[in-house]
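First the proteins, then the strands, lettered A, B, ... as listed; each starts at 1. Keep in mind the model is a prediction, meaning the values are calculated, not measured.
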Amino acid sequence: MNNDQKYQRIWQTVQKIPAGKVASYGQIADLAGLPGRARLVGKSLGYVPKELLVPWYRVLRSSGQLAFPKGSEQSQLQTGLLQQEDVVVLNNRVRLREFLWQPDLAELLFSLEF
DNA sequence: GTATTGACTTCAT
DNA sequence: AATGAAGCCAATA
């Protein structure tokens, strides 16, 4: 399996995150069938083609922290996009107890059909 | 080949 | 709660 395919799977998986919810890099890696590859997920989100419409901003660290430093250009953009869908971002962090995406696995894996 | 890098995660302070 | 070390692993160089 080549890189493009891995990236495609990651992007597809990220597209399944519903508006108003967030997921962690590691979680997306697992769901995409690439366990242990959290860092690859981050990398691939930097490569999303602009015409593809992947909600990269719904992906955060396992701690709920945004991946970018507080106050950075990117973190501000991400915060804005999340707040547009009523996700509360406080101090560069999202409350996972409230906003973490918890998909039905059987349904999700079927809908992905790798 | 080896070495470094990183939109990460976990565990121990 | 915050910080840092160690672990992680594919992609690059």
Determine yes or no for a side-chain-to-main-chain donor-acceptor pair under 3.5 angstrom, with A/R37 supplying the side chain and A/P35 the backbone.
yes
N-O pairing of A/R58 and A/E85 below 4.0 Å
yes
Here the distance between atom P of C/dT3 and atom CZ of A/R93, to the nearest Å, is 11 Å
Gap between atoms NZ and P, on A/K70 and B/dA7 respectively (whole Å)
21 Å
What does A/Y47 touch in the nucleic acid at a heavy-atom separation under 4.0 angstrom: a base, only the sugar-phosphate, or nothing?
sugar-phosphate
For a quick check of understanding: with a heavy-atom distance under 4.0 Å over all strands, which category does A/R39 fall into, base, sugar-phosphate or nothing?
base
Taking only N and O in the side chain of A/S62, is any of them less than 4.0 Å away from OP1 or OP2 of B/dT10?
yes
Length of the line joining A/Y25:OH and B/dG6:P, which is rounded to integer Å:
15 Å
Measure CZ/A/F68 against C1'/B/dG6 and give the value in whole Å, please.
12 Å
Output yes when a side-chain donor or acceptor of A/T13 lies under 3.5 Å from a complementary backbone atom of A/R9, and no otherwise.
yes
Position toward the 5' end of DNA chain C (nearest nucleotide), A/K43 or A/N91:
A/N91
Mind checking A/L45 for me? I need base, sugar-phosphate or nothing, with any heavy atom below 4.0 Å counting as a touch.
base
Just to be sure I understand the rule, does A/S63 reach a base, reach only the sugar-phosphate, or reach nothing, if contact means heavy atoms closer than 4.0 Å?
nothing
Taking atom P of B/dC8 as reference, at what distance in whole Å does atom CG of A/L34 sit?
16 Å
Do the side-chain N or O atoms of A/S44 get closer than 4.0 angstrom to the phosphate oxygens (OP1, OP2) of B/dA7?
no
Rounded to the nearest angstrom, tell me the gap between atom CH2 in A/W11 and atom P in B/dA7.
16 Å
Integer-rounded Å distance: C/dA10 C1' and A/I10 CD1
10 Å
Let me confirm one number: the NZ-NZ distance from A/K6 to A/K43, rounded to the nearest 0.5 Å.
12.5 Å
Closest listed nucleotide, where the reference is the side chain of A/A38 and the choices are C/dT12, B/dT9, B/dA7:
B/dT9
Please report, rounded to the nearest Å, how far the C1' atom of B/dT9 is from the CG atom of A/L100.
15 Å
Other residues, nucleotides, ligands: >12 heavy atoms within 6.0 Å of A/E73 CD
no
